[in-house]
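Presented below is the structure to which this report refers.
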Amino acid sequence: MISLNTLRTKFGVILSIVIGVALLAFILSLKTEMGFSGQDPKVGEIAGENINYSEYYNEYEQIKAQSGIQETDEQQSAMLANAVWQSLISKHLFEPSFDEMGLQFTDAERMALLSGEQFSQTLYNAFADPTTGEYNVAAVSQFLAESESNPQAAAAWAQLVEQLQLESSMQKYYGLVKNGTYVNALEVAQGQKAQNETRSGKWVVKRYSAMPDSLYTISSSEIKAYYNAHKNGYKQLPSRQLSYVVFEVSPTEEDMAALEQEVKSVGEEFAAAEDLKAFTRANRNGSIAEGYVNATQLTAEEAEALMAGKMYGPVLKNNEWTMARVLDTKMAPDSLGIRHIVLPYTEIALADSLLTALKGGADFAETAAQYSVFAQTAQAGGEVGVMPFAAFTGEFAEALATAKVGDIVKINSGDAIQLMQVYRADKPTKHIRVASINYPVLASNETRRVAHSAAGTFTLGAKDDFAEAASAAAVTPRVATLVQGDRMIRGLEDSREVARWAYGAKVGDISEIFTVGDDYVIATLTAIDKEEYTPVEKVAPQIRMQLMRDKKFEAMKAQMAGATIEEVAQAVEAEVAEYQDATFGAYFLAGPGLEPALIGAIAATNDKGVVSAPVKGLNGIYVFTVEEITDAATQTEEAERVRAQAVQESIVTQGALQAVQEMAEIKDLRGLYF
């Protein structure tokens, strides 16, 4: 019978939710000490509803337990934080919206999903049989029975049903949106033509860069008028700007010399150690390889020493001192072809019986198909494939090192018993298991203390003038922008703590000294921008560039004239070039490059040999002719209709949820706390 623990492992529904809630209660009891000032602070806003710290934390612990994600690094932490935020958006935005739309989750639909009549990814993830990969209806019934007497299982089931309902509502919403799309006959005809036709011809360009900017004037009123006309293109999220300096901590020559002396001393002890395994494990930088390697898997220098039984190193490689000795040697095949039968560790008697039968001549493939619990290989007669001996570790390496073709060995490993048949064994060669000690080249504690002291001195001066203090400390200030929702400073690894400080700082504040990687970082907040639109001053340079391009086009298009493409080229002192295989759906054309307006104009031209009107491109003014139109006639009308409809549905479904989120005016304020 499927247990609550099994469901938690497969699907991630919470057993630890009770612990999470208790921990939350404890944390909230300390809210004054944590700076909450007797309140549950707001960490976001979704569809006009506040998302408070306690709600977010509860959801965080719940999703963490469900997903099994461990916060081992910033990438994992960011993945978990994003999953939590999306879950809250679903609860506060999508679910209420679906209710208002009348998207119901009926009992009949629930039964169809539970019975497997209709597929559900949510239920499949929870109740699929791991050995067959098929949805297990019996497991659902068993778990429901358990939930009647187990409160934890009941809570897990309630969470599962909630996700099942959300999945169903999402599918219905997508269905409504997709059903609103339609491809008409004109679109099909144009699409079919675009798919089938390619064009080749000639082109001429007058680059904007060939026309001096000094000949044209762009006034501030023109920039403001363009800005107002395109204002929706300059929407922005709230942001914060900071300046920071980095005090790099690098090993000095003295550090390098001291480390080299220490490594050589350890190397002498390593070379003389009689109990190599114990010595290696006692060293904090020591490691013992799990598997064996042959000479081809080592560098030439390593192989020369280790294969002869000598110590390798100490030697400085890739900013690390390394030394190695051979712990064990085996003569083993370079590669082995393996079939196996996997049995539960409790089936000792069955394993012995099958081993006897197989050694007596029973068909291995048939036996594997009948008895092996590892479905992926059982269906192929237990076939694992050809593997290098280096891939085997522990008891597998011990059992297979001396195996010959036809041998069948029994290996007890963890929760399973494996019967392995060797059907290929290469010529035995020397393999070694290596013990090594590696010392990374790092700055000494004294070097770190000196750098930290310099950072502290800088902090004192920075309170008066950050830039002047940076100049005095011979460090260069760097500028960064944190947009609402950012968790790190771009270009600065492991900078979560710096970002968290910036979200809570006021303009002019100087941070503490942060340890970021091996270095020290001090920051100051220079600006807070809460405006809905990017100020015109910030986008003026790009608007000026657009207006300059427009003016150059208007001034020069009259010169791009001639009865032939050659005459146009002569008029603007340019060269005629050729293009090949231009299609409507292309984004790039060899020669002109990324010029969508030009490609679109070429694809829309049906007259051969006619000089086109000037085309305003991204990089210059273009004139072209179409010399040849090739119709492949490979795309049928019906195929194009299906393709175009699929594209339309994909576009609208991808944008549907994003559009709803934009209308909800979501505010992500988590940066100060998480």
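Model, not experiment: these values are computed from the prediction.
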side-chain contact (heavy atoms from CB on, under 4.5 Å), that's the test. Do Ile223 and Glu537 meet it? Break it down for me. CA-CA 10 Å; Ile223 292 175; Glu537 296 79 14; over 6 Å; no
One pair to check against side-chain hydrogen bond (donor to acceptor under 3.5 Å, both in side chains): Ser495 and Arg490. What are the steps and the verdict? CA-CA 9 Å; Ser495 54; Arg490 294 176 187 176; over 6 Å; no
Does the pair Met548 and Ile218 meet the rule for a side-chain contact (heavy atoms from CB on, under 4.5 Å), with working shown? CA-CA 7 Å; Met548 184 66 70; Ile218 308 296; 3.9 Å; yes
Show your reasoning for whether side-chain hydrogen bond (donor to acceptor under 3.5 Å, both in side chains) applies to Tyr622 and Glu595. CA-CA 10 Å; Tyr622 295 88; Glu595 287 289 4; 2.9 Å; yes
Decide yes or no on side-chain contact (heavy atoms from CB on, under 4.5 Å) for Leu492 and Tyr244, but give the supporting numbers first. CA-CA 10 Å; Leu492 190 63; Tyr244 66 94; 3.9 Å; yes
Can you check side-chain contact (heavy atoms from CB on, under 4.5 Å) on Val626 and Tyr579, steps first, answer last? CA-CA 9 Å; Val626 173; Tyr579 64 87; 3.5 Å; yes
Output, in order, the C-alpha distance, side-chain angles, deciding distance and verdict of salt bridge (Lys or Arg N to Asp or Glu O under 4.0 Å) for Glu187 and Arg641. CA-CA 9 Å; Glu187 290 175 304; Arg641 187 184 302 279; over 6 Å; no
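Counting only distance, with no hydrogens or angles, the side chain of Thr181 and the backbone of Val177 share no donor-acceptor pair below 3.5 Å. No donor-acceptor pair closer than 3.5 Å links the side chain of Glu640 to the backbone N or O of Thr636. Without hydrogens or angle criteria, Asn438 side chain to Pro440 main chain gives no donor-acceptor distance under 3.5 Å. Counting only distance, with no hydrogens or angles, the side chain of Glu637 and the backbone of Val188 share no donor-acceptor pair below 3.5 Å. Put simply, the side chain of Thr653 gets close to the backbone of Glu649: a donor and an acceptor are under 3.5 Å apart. The main-chain N or O of Tyr234 is found under 3.5 Å from a side-chain atom of Thr534 such that the two form a donor-acceptor pair. For Ser511 (side chain) and Ala523 (main-chain N/O), a donor-acceptor pair under 3.5 Å exists by modelled atom type. Under the 3.5 Å distance criterion, the side-chain polar atoms of Arg240 are matched with a main-chain donor or acceptor of Ala505. Within the 3.5 Å criterion, the main-chain N or O of Leu93 finds a donor-acceptor partner in the side chain of Ser97. Under a 3.5 Å cut-off, the side chain of Asn196 and the backbone N or O of Thr634 do form a donor-acceptor pair.
In terms of heavy atoms, Gln559 sits closest to Val572 at O-CG1, 3.8 Å. Considering all non-hydrogen atoms of both residues, Lys552 and Met211 come closest at NZ-O, 2.7 Å. Residues Tyr227 and Tyr533 share a closest heavy-atom pair of OH-CB, 3.6 Å. Across all non-hydrogen atoms, the minimal contact from Trp321 to Val441 is CD1-CG2, 4.2 Å. Taking each heavy atom of Asp581 and Ser200 in turn, the nearest pair found is N-OG, 3.4 Å. Closest approach of Ala295 to Ala303, counting heavy atoms only: O-CB, 3.9 Å.
Defined by atom type and a distance below 3.5 Å, a donor-acceptor pair is missing between the side-chain atoms of Glu167 and Gln163. No side-chain N or O of Ser90 forms a donor-acceptor pair with one of Gln86 less than 3.5 Å apart. With no hydrogens or angles considered, no side-chain donor-acceptor pair links Ser471 and Glu468 at under 3.5 Å.
Contact of the Asn619 side chain with the Leu594 side chain is not registered, since no non-hydrogen atoms from C-beta on lie closer than 4.5 Å. For the pair Leu589 and Ile602, the minimum side-chain heavy-atom distance is below 4.5 Å. Contact of the Val498 side chain with the Leu242 side chain is registered, since non-hydrogen atoms from C-beta on lie closer than 4.5 Å. At a threshold of 4.5 Å between non-hydrogen side-chain atoms, the residues Asn294 and Asp334 count as touching. Here the side chains of Ile565 and Val204 are in contact, with some heavy-atom distance below 4.5 Å. Side chains of Ile89 and Trp85 form a contact here, defined as non-hydrogen atoms less than 4.5 Å apart. No side-chain heavy atom of Leu176 sits under 4.5 Å from any side-chain heavy atom of Lys172. Counting only heavy atoms from C-beta outward, the side chains of Ile666 and Glu45 never approach each other to under 4.5 Å.
With rounding to the nearest 0.5 Å, the separation of CG in Asp213 from NZ in Lys551 is 11.5 Å. Here Gln171 contributes atom CD and Gln121 contributes atom CD; the two are 9.5 Å apart, rounded to the nearest 0.5 Å. Residue Phe514 holds its CZ atom at 9.5 Å from CD1 of Ile522, rounded to the nearest 0.5 Å. Going from atom CD of Gln241 over to atom OG1 of Thr481 covers 4.5 Å, rounded to the nearest 0.5 Å. Rounding to the nearest 0.5 Å gives a distance of 8.0 Å between CD of Gln190 and CG of Asn184. One finds the OG1 atom of Thr625 at 9.0 Å from the CD atom of Glu578 (value rounded to the nearest 0.5 Å).
Counting heavy atoms of neighbouring residues, nucleotides and ligands inside a 6.0 Å radius, atom OH of Tyr587 does not exceed 12 of them. Within a 6.0 Å sphere centred on CD of Glu573, heavy atoms belonging to other residues, nucleotides or ligands number 12 at most. The 12-atom threshold is exceeded at CD of Glu567, counting heavy atoms of other residues, nucleotides or ligands nearer than 6.0 Å. The local environment of NZ in Lys667 is sparse, with at most 12 non-hydrogen atoms from other residues, nucleotides or ligands closer than 6.0 Å. Around atom CD of Gln580, more than 12 heavy atoms belonging to other residues, nucleotides or ligands sit under 6.0 Å away. Heavy-atom neighbours of Met101 CE from other residues, nucleotides or ligands within 6.0 Å: above the threshold of 12. Other residues, nucleotides and ligands contribute more than 12 heavy atoms inside 6.0 Å of the CG atom of Asn228. Atom CD of Glu320 has more than 12 neighbouring heavy atoms from other residues, nucleotides or ligands inside a 6.0 Å radius.
We find that Glu532 and Lys231 are not joined by a salt bridge, their nearest charged nitrogen and carboxylate oxygen being 4.0 Å or further apart. Glu554 has a carboxylate O that lies under 4.0 Å from a charged side-chain N of Lys557, or vice versa, which qualifies the two as a salt bridge. The residues Lys616 and Asp550 are annotated as salt-bridged, a charged nitrogen and a carboxylate oxygen being separated by less than 4.0 angstrom. Salt bridge status for Arg199 with Glu627: absent, with no side-chain N to carboxylate O gap under 4.0 Å. For Glu302 and Lys317, the salt-bridge test passes: some basic side-chain N is under 4.0 Å from an acidic carboxylate O.
Proximity of the aromatic rings of Phe247 and Phe458 is defined here by a centroid distance below 6.0 angstrom, and this criterion is met.
Using cut-offs of 30° and 60° for the angle between ring planes, the Phe98 and Phe94 rings count as parallel.
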